[in-house]
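Comments concern the structure below.
Reminder, nothing fancy here: chain letters follow the sequence lines and each chain counts from 1. The model shown is predicted, which means the values in this text are computed figures rather than measured ones.
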There are 2 protein chains.
Amino acid sequence: MVPSVPVSVDLVVLTVRCQALSALVWRRDNPPFLRRWSLAGGFIQLDEDLPDAARRIMTERAGIPGAGTLHLEQLQTYGYPDRDPRQRVLSVAYLCLAPDLPASEKAHMAWVPVAELTVMAFDHRRMMLDGIERARAKLEYTSLAAAFCEPEFTVADLRRVYELVWARPLDPRNFHRKVTKAEGFLMETGETTTRDGGRPAKLYRRGPAELLHPPMLRS
Amino acid sequence: MVPSVPVSVDLVVLTVRCQALSALVWRRDNPPFLRRWSLAGGFIQLDEDLPDAARRIMTERAGIPGAGTLHLEQLQTYGYPDRDPRQRVLSVAYLCLAPDLPASEKAHMAWVPVAELTVMAFDHRRMMLDGIERARAKLEYTSLAAAFCEPEFTVADLRRVYELVWARPLDPRNFHRKVTKAEGFLMETGETTTRDGGRPAKLYRRGPAELLHPPMLRS
DNA sequence: CCAATAGTGTCTATCAGACAGTATGGC
DNA sequence: GCCATACTGTCTGATAGACACTATTGG
């Protein structure tokens, strides 16, 4: 006889907004962990693949518009027997990176700066920290930072992503040189932004490159 | 009502032996995939954490001596509904890196060079390739290569690990400079090897460093 | 001596960090 | 003009790749 376990998918959805790396969370309205912050999640259905379940939960539970276009990757699986006090649940965490989306229309869902999420339900804080560390690491050697940006963005937008995710300032000039010379990272649109009090910046789109060679090290 | 799924743990156990990167596999003696190569695996027990299940399967199913001391990390979870034709099974794959161990005493288990494992049962080839890619990537920025070596090893032993895992030759002199100058990677034992026809090499142990700064890029 | 492997030194191209200087907008 | 931001150029130190050279063993 083979033991079976309920399996859920939990989403670590990260974005950069209001000068802070933020996560999409909701306030639990039921025990256990009543009124604690929690990640959006749900049980997988029979005959549903894991990425499909993650997309479904992004749409149905988290209320994220355009869930199909956002970056999504499997993070890790959490299976400690007591992680849910009611019954054993295996949880497959997914990491989603999003630009500054409009607030979810779902009740109780909110973008909260990760620095404020010191206490969460279940092991969701561990999942969130693992997701942040994955994002931090991947900014080093991939062009993933653009997943946090609008379709068209400036080099300064991209730099702000790096600075907020890595939580450290970067030299704007060296950063500019690095990303504009990285083959396939950025594609010029020909347009420029107009802002207050500064030279207009060129607008770029994501280039075809997925990897950054050589990587941009946090050192 | 919450659907439950049987959950198994499958092991991608890699080693370097006989001048080849090899995996620990066994020949299935039952349908489906009768007589195909398969990874060692088993179902998790109730109240058993995932890493504990992985260690148990290393000992019981794979017959690996000293399973408690080897490097073990979670690789990925595979959940496509049809991945097992009999019933839906969720599989959490673990990656284990081992030195050249004696052959397992378990029947049907064997070390096979990964280049020969072109056809495997279930999605085990995908798991193995994901494990190899994880190992390749981690050699770049961690000191993990030593996990493939005996407790005491030479710089040449370590270089052979890199060369076989990356499947490309490295300059012995530049490699030597890189690893001996990397802070905390290697600790001299004071001993040397004696070999035929060559200057004896210094023996090293693993140092305390986990990360390699700056990384050794495959480029 | 020679063969073989271990280990050191040197040159050079590349690249990151630091930062001066120029360009182009709003006020 | 002044300020702010975007962008370019230059210097320097660290490092990887290429490879000459020395060291230490066995035969």
Side-chain angles (χ1 to χ4, degrees), chain A residues 19 139-141 143 145 149-150 152-164 166 168-205 209 211-219, chain B residues 19 139-141 143 145 149-150 152-164 166 168-205 209 211-219:
Chain A
Q19 303 297 318
L139 289 203
E140 287 194 317
Y141 61 96
S143 57
C149 297
E150 303 295 328
E152 300 198 349
F153 53 89
T154 66
V155 172
D157 292 334
L158 196 64
R159 178 167 48 82
R160 271 182 282 274
V161 168
Y162 273 89
E163 291 181 328
L164 289 169
W166 284 355
R168 75 187 196 86
L170 297 174
D171 184 290
R173 298 155 295 185
N174 293 335
F175 182 85
H176 188 281
R177 178 185 58 194
K178 178 73 185 176
V179 295
T180 52
K181 289 196 178 157
E183 192 72 29
F185 195 168
L186 300 179
M187 314 269 286
E188 275 193 51
T189 63
E191 310 279 304
T192 56
T193 47
T194 312
R195 293 176 190 260
D196 306 66
R199 172 175 170 178
K202 289 182 188 169
L203 279 168
Y204 295 88
R205 250 186 261 277
L211 295 175
L212 212 52
H213 267 308
M216 177 153 32
L217 299 175
R218 279 174 283 182
S219 52
Chain B
Q19 302 297 319
L139 289 204
E140 286 193 317
Y141 60 96
S143 57
C149 297
E150 304 295 329
E152 300 198 350
F153 54 90
T154 67
V155 172
D157 292 334
L158 196 64
R159 178 167 49 82
R160 270 183 283 275
V161 168
Y162 273 91
E163 290 181 330
L164 289 168
W166 284 355
R168 76 187 196 85
L170 297 174
D171 184 289
R173 299 155 295 184
N174 293 336
F175 181 86
H176 188 281
R177 177 184 58 193
K178 178 73 185 175
V179 296
T180 53
K181 289 196 177 157
E183 192 72 27
F185 195 168
L186 300 180
M187 313 269 287
E188 276 193 51
T189 63
E191 310 279 304
T192 57
T193 46
T194 312
R195 294 176 189 260
D196 306 66
R199 172 174 170 177
K202 289 182 187 168
L203 279 169
Y204 295 87
R205 252 186 260 278
L211 295 174
L212 212 52
H213 267 308
M216 177 154 32
L217 298 175
R218 280 175 280 181
S219 50

Q | Boundaries of the chain A footprint along DNA chain D (any atom under 4.0 Å from a heavy atom) | A | D/dA4 to D/dT10
**Q.** Listed partners of A/Arg205 passing side chain to side chain donor-acceptor pair (under 3.5 Å), at least two apart
**A.** A/Glu152
**Q.** Whichever of B/Met216 and B/Asp171 has its nearest DNA chain D nucleotide further upstream toward 5'
**A.** B/Met216
Q. Taking atom CZ of A/Arg159 and atom CG of A/Leu170, what is their separation to the nearest 0.5 Å?
A. 7.5 Å
Q: For A/Pro200 and for B/Pro215, locate the closest nucleotide of DNA chain D by heavy-atom distance; then report the residue assigned to the nucleotide nearer the 5' terminus.
A: A/Pro200
Q) So does A/Glu188 pair up with A/Lys202, basic N to acidic O under 4.0 Å? A) yes
**Q.** Euclidean distance, A/Leu211 CG relative to A/Tyr141 OH, rounded to 0.5 Å
**A.** 8.5 Å
Which atoms of nucleotides 8-15 of chain C (N or O only) lie under 3.5 Å from a protein N or O atom, and what are those distances?
{"from": "C/dT10", "atom 1": "O4", "to": "B/Arg177", "atom 2": "NH1", "distance (Å)": "3.3"}

Q. Between residues 182-194 of chain B and DNA chain C, which residues have a heavy-atom gap below 4.0 Å?
A. none
(Q) So for the helix from C/dC1-D/dG27 to C/dC27-D/dG1, with five pairs setting each end axis, what is the inter-axis angle to 10°? (A) 10°
**Q.** Partner set under ring pair (Phe, Tyr, Trp, His ring centres under 6.0 Å) for A/Tyr162, not counting sequence neighbours
**A.** A/Trp166, A/Phe175
Q: Answer yes or no: is there an ion pair linking B/Glu140 with B/Arg218, defined by an N-O contact shorter than 4.0 Å?
A: yes
Q. So which one's nearest nucleotide on DNA chain C is more toward 5', B/Ala201 or A/Ser219?
A. B/Ala201
Q.
From CG of A/Leu217 over to P of C/dG17, roughly how many Å is that when rounded to an integer?
A. 8 Å
Q | For B/Thr154, side chain to side chain contact (heavy atoms under 4.5 Å, CB included) partners two or more places apart | A | B/Ala156, B/Asp157, B/Thr193, B/Arg195, B/Ala201, B/Leu203
(Q) Give me each pair satisfying side chain to side chain donor-acceptor pair (under 3.5 Å) with a member in residues 175-186 of chain B, each pair once, sequence neighbours excluded. (A) B/Asn174-B/Arg177
Q) Listed by chain and number, what are the side chain to side chain donor-acceptor pair (under 3.5 Å) partners of B/Glu150, not counting sequence neighbours? A) none
Q. To the nearest 0.5 Å, how far apart are CG in A/Leu158 and CG in A/Leu186?
A. 6.0 Å
**Q.** Under the salt bridge (charged side-chain N to carboxylate O under 4.0 Å, His left out) test, residues paired with A/Arg173 that sit two or more places apart
**A.** A/Asp171
